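Quantities reported herein were computed from a predicted structural model and do not represent experimental measurements. We count ligands from 1, going down the list as the structure has it; atoms in each ligand are counted the same way.
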Amino acid sequence: MVQRKPLVAGNWKMHYDPTEGVALVRELRRRLVGLAGVEVAVFPSFVTLPAVAAALPPRGPIAVGAQTCHWERQGAFTGEVSPWMLRNLCEWVILGHSERRQQCGGAGQGGYESDERINRRVHAALAAGLRVILCVGEPLTVRERGETGDFVAAQVVVGLQGLAPAEVANRLVIAYEPIWAIGSGEAANGTSANWVAGLVIRAAVASRWGRTAAERLRVLYGGSVSQSNAAEFLVQPEIDGALVGGASLQADAFAAIVKAAAGC
Ligand code: PGA
């Protein structure tokens, strides 16, 4: 069986200016000294990212990423950031986060955060040398209709279209974040998240990109992960870490989740 190293990612969303962000990562570093067996990454805003990256040693235990990027290398896209601008600053980028899918121009066909456009962002980010956390997850209405499997599988298949199996296995992570669980305090339960991670996401990847890629791909759970419920998700065999929003804003809570992922 393939051993997948857990990843705990902290999505800071629109919180913390450079001074606050640097203070948080300094405190995190202090709390995570000597920790092994887990990867950690934080995702500040574009404004805060350079200061946070500069405050951390390159290739150190805490990596840095951006919260989105554009699909073009450059051009007339006011307010946007190209992955080629990010590549010397950080290692990762989150793409397809549900808050962007919902708030930035519509998720439907042709929308700014449609699966097709997210797929273009994924290709651009990988071409620029970044690693990607691709977010997928169903809204409550889809869940209530019992259509979570088909909905999430389609997001995966379109989001990864055109990628080589090695890119899926090595350069990319999928975060399963049921939309109703994000920021709501109402997390999914471990068993149902494990089902989506394994029998929906990994199965969709296996059918298109092969079993080897599917077995190597890391799948995270996200949505109201806290230090008190993290273990319920992290013990699941198909779940390889967490994408944490609110609880990543406090060093003690985030460090506790990282330690749970490392098994200590
Ligand atoms: P939450 O956010 O942990 O605050 O629910 C998760 C996310 O949006 O990635």
Exercise. Quick one: does NZ or CZ of Arg121 land under 6.0 Å from the six-membered ring centre of Tyr112, within 45 degrees of the ring axis?
Worked result: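 Yes - Arg121 lies over the ring of Tyr112, closer than 6.0 Å to its centre and within 45° of its axis.
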**OP:** Could you point out which residue of Val244, Leu24, Leu49 forms a side-chain contact (heavy atoms from CB on, under 4.5 Å) with Trp12?
**Re:**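 So the option named by the test is Leu24.
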Quick one: salt bridge (charged side-chain N to carboxylate O under 4.0 Å, His left out) partners of Arg73, sequence neighbours excluded?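 Counting only residues at least two positions away or on another chain, Arg73 forms no salt bridge (charged side-chain N to carboxylate O under 4.0 Å, His left out).
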Count I, L, V, M, F, W, Y as connected when their side-chain heavy atoms are under 4.5 Å apart, and connections chain through other members. Are Val219 and Val173 then in the same cluster?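 Different hydrophobic clusters.
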Considering only NZ, NE, NH1 and NH2 on the basic side and carboxylate oxygens on the acidic side, decide whether Glu27 and Arg31 come within less than 4.0 Å.
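A salt bridge is present here (some side-chain N lies under 4.0 Å from a carboxylate O).
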- Task: Run the salt-bridge test on Arg143 and Glu138 with the 4.0 Å N-O cut-off and return the result as yes or no.
- Result: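 So Arg143 pairs with Glu138 through a salt bridge.
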Present, as a list of atom pairs with distances to 0.1 Å, all nitrogen or oxygen contacts under 3.5 Å between ligand 1 and the protein.
unit_1	atom_1	unit_2	atom_2	d
ligand 1	2 (O)	Lys13	NZ	3.1
ligand 1	3 (O)	Ser224	N	3.4
ligand 1	3 (O)	Gly245	N	2.9
ligand 1	4 (O)	Gly246	N	2.9
ligand 1	5 (O)	Gly183	N	2.6
ligand 1	5 (O)	Ser224	N	2.7
ligand 1	8 (O)	Lys13	NZ	2.7
ligand 1	8 (O)	His97	NE2	2.7
ligand 1	9 (O)	His97	NE2	3.2
ligand 1	9 (O)	Glu177	OE1	3.3
ligand 1	9 (O)	Glu177	OE2	2.7

